[in-house]
Amino acid sequence: MKVAVFGTKKYDKDSFEAANESSKIDFTYLDARLDAKTATLAADHEAACIFVNDQCDEEVLQAFKDASVKYIALRCAGFNNVDLKKAEDLGLKVVRVPAYSPESVAEFAVGMILTIVRKYHKSYLRVREGNFLLDGLTGFNLSSKTVGIVGTGKIGLLTGKILAKGFGCKVVAYDLYKNEEKAKEYGLEYVETLEELLRQSDVISLHCPLTEGENGTRHMINKERLEEMKKGVVLVNTSRGGLIDTNDLIWALKTGHLGAVGLDVYENESSYFFADSSSKIIYDDNFARLLSFYNVFVSGHQAFLTEEALLNIAQTTIQNLKDLEEKGECQNECKPEKKGDKGGKKEEKADE
Ligand code: NAD
C-alpha cells in the first residue's frame with residue numbers, strides 16, 4: 001500500500017520508519033501541509049495520513065477522491081478536522097489513533113499546571129540573565145487545593161489521578177458520561193454540573209474533544225462560565241483550542257479575574273503551530289494579545305510529543321492501514337454522528 005504522509009516532521013518520519021520495519025507500507029513523506037491543492041500530491045496513493053490541523057473539508061475530500069485515495073489515516077486521536085459525513089458520502093474511510101499514550105498528555109497537563117503556578121518559565125529566563133530575585137515568583141501549594149477535571153476520558157482520568165494521588169489535591173470532575181469505577185479508584189469525585197465544578201475549583205484542566213451541536217463543547221468556556229470561576233483560578237487547556245472562546249478569555253484576563261492560564265492549544269492555531277513562525281508577523285491579534293499577558297503560558301500543541309506516544313501513533317496507524325487493506329474494516333474507524341447520538345461520546349472506555 002502506498003501512503004502519502006502530509007506535513008511530515010522529522011520525528012514523524014523517524015517513528016514511522018522504526019515501526020514500519022516489518023511491514024510493507026510504502027510511505028511518501030511530504031513536507032506540504034494539506035489543502036485542496038496539495039491533496040493532489042496523494043495521487044497514486046491508496047491512503048493519505050494527516051494530523052490535527054490538516055483541514056479535511058469538502059474540497060479536500062473531493063480532491064482526495066479525484067486522486068483515487070481510499071483511506072484517510074489520522075495520526076492523532078481527535079477528528080474534528082474531518083468532515084466525516086462528506087467522507088462517508090464519497091466512500092472514503094477515516095481511521096484514527098484513539099489512545100496512543102494518554103500518559104503523555106496527562107503528564108504534560110500536570111507539568112503545565114506546575115509551570116504556571118510555580119512560574120518555572122519565569123525563573124528559567126531570570127536566572128539565565130543573572131537575576132536571582134524571587135519577587136513575583138510566589139506560587140501556591142497544590143496539596144489540598146481543589147482541581148476540576150472537565151472530561152473524564154482517558155486523559156482526564158489520568159490527569160486527575162496524578163493530582164489526587166501524587167499531590168493530595170481534592171479532584172472534582174464533570175463529564176456528560178461518568179466513569180464512576182475508575183474515578184473512584186483514581187480519587188476523583190464527580191459533581192453534577194459544570195457550573196458546580198467551576199465554582200469549586202482553584203485549578204481547572206480541560207480534557208474534552210471538540211464537538212458541535214446541542215451538547216457540543218465549542219466555546220464551553222465563555223464569558224458566563226469564566227465569571228462562574230473563582231477569582232484567581234488557574235485554567236489549563238491541553239485538549240482542543242475551540243473549547244475556549246478566546247475573545248471572552250482575553251476579556252477575563254484583562255479584568256484580572258484569572259490567576260494564570262496555560263494553553264497547549266489555541267482555537268486558530270493552524271496558522272502558526274507546527275511551523276517556524278519566528279520571522280513572521282502575527283496577524284492574529286487575539287493570539288498576539290494572549291502571548292502578551294504576563295500570566296499566560298502557551299506551548300505549540302506539544303502535549304502528545306513523547307517517544308512512547310510517537311511510536312504508538314506510528315504502530316497503530318500502520319495496523320489501521322493493514323486492517324483496511326486486508327479486512328476492509330478497522331476498529332478505529334471514525335463514523336459521522338447519527339441522529340440520536342449524544343455529543344462527544346466515544347465507544348471506548350478509559351484504558352491506560
Ligand atoms: P476521550 O474520548 O477518552 O475522553 C473525552 C471525554 O470528554 C469523554 O469522557 C466524553 O464523555 C467527555 N465529554 C465530551 N463532551 C463533553 C461535554 N460537553 N462536557 C463534559 N465532558 C464531555 O478523549 P481523550 O483521549 O481523553 O482526549 C481528550 C482531549 O485531548 C481530546 O480533545 C483530544 O483531542 C485532546 N488531545 C490533545 C493532545 C495534545 O497534544 N494537546 C493529544 C491527544 C489528545
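Remember, it's 1-based here, ligands and their atoms both numbered in the order they're listed.
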If we check side-chain contact (heavy atoms from CB on, under 4.5 Å) with Tyr29, which of these qualifies: Glu17, Lys9, Lys10? Glu17

Under 3.5 Å between any N/O of Lys154 and any N/O of ligand 1: does that happen in this structure? yes

Report, in ascending order of atom number, the atoms of ligand 1 lying under 4.0 Å from any heavy atom of Tyr100. 42 (C), 43 (C)

Counting only heavy atoms not in Lys2, do more than 12 sit closer than 6.0 Å to its NZ atom? yes

Heavy-atom nearest option to atom 31 (C) of ligand 1, drawn from Cys208, Gly151, Gly78, Cys76: Cys208

Below 3.5 Å, N or O to N or O, backbone or side chain included: is there any such pair between Ile155 and ligand 1? yes

For Tyr174, atoms of ligand 1 separated by under 4.0 Å from a heavy atom: 19 (N), 20 (C)

Can you confirm, on distance only, whether ligand 1 has an N/O atom lying under 3.5 Å from any N/O atom belonging to Asn215? yes

Should we say atom CD of Glu224 is surrounded by more than 12 heavy atoms from elsewhere, each under 6.0 Å from it? no

Val265 and side-chain contact (heavy atoms from CB on, under 4.5 Å): which single residue from Leu206, Asn237, Val52 fits? Asn237

Sorted by chain and number, sequence neighbours left out, ring-ring contact (aromatic ring centres under 6.0 Å, His included) with Phe51 holds for Phe274, Phe304

Other hydrophobic cluster members with Leu137, side-chain heavy atoms of Ile/Leu/Val/Met/Phe/Trp/Tyr under 4.5 Å, chained? Leu134

Distance-only, no hydrogens or angles: does the Asn295 side chain make a donor-acceptor pair with backbone N or O of Gly259 under 3.5 Å? yes

Please check whether Thr211 reaches ligand 1 - meaning an N/O of the residue sits under 3.5 Å from an N/O of the ligand, judged on distance alone. no

Report, in ascending order of atom number, the atoms of ligand 1 lying under 4.0 Å from any heavy atom of Tyr177. 11 (O)

Would you say Arg240 and ligand 1 have an N/O pair spaced under 3.5 Å apart? yes

Is Glu228 paired with Arg199 through a side-chain N to carboxylate O contact shorter than 4.0 Å? yes

Please list, in number order, the atoms of ligand 1 under 4.0 Å from a heavy atom of Asp264. 39 (C), 40 (O), 41 (N)

Leu125, CG: over 12 other non-hydrogen atoms inside 6.0 angstrom: yes

So, regarding Gln302 and ligand 1 (criterion: nitrogen or oxygen to nitrogen or oxygen, under 3.5 Å), is there a contact or not? no

Counting only nitrogen or oxygen atoms and a 3.5 angstrom limit, does Val105 reach ligand 1? no

Quick one: does Phe108 get within less than 4.0 Å of ligand 1, heavy atoms only? no

Where does Thr152 meet ligand 1, judged by heavy-atom distances below 4.0 Å: at the side chain, the backbone, both, or neither? backbone

Closest to atom 10 (C) of ligand 1 by heavy-atom distance, out of Leu243, Asp175, Thr159, is Asp175

Ionic contact status for Arg289 with Asp285, cut-off 4.0 Å: no

If the test is side-chain contact (heavy atoms from CB on, under 4.5 Å), which one of Asn53, Val60, Leu210, Ile50 qualifies with Asn81? Ile50

Counting from 1 in the order shown, the ligand 1 atoms closer than 4.0 Å to a non-hydrogen atom of Thr217 are 15 (N), 16 (C), 17 (C), 18 (N)

Per-atom contacts, ligand 1 versus Ala303 - under 4.0 Å to a heavy atom: 39 (C), 40 (O), 41 (N)

Leu176 heavy atoms within 4.0 Å reach ligand 1 at atoms 15 (N), 16 (C), 17 (C), 18 (N), 19 (N), 20 (C), 21 (N)

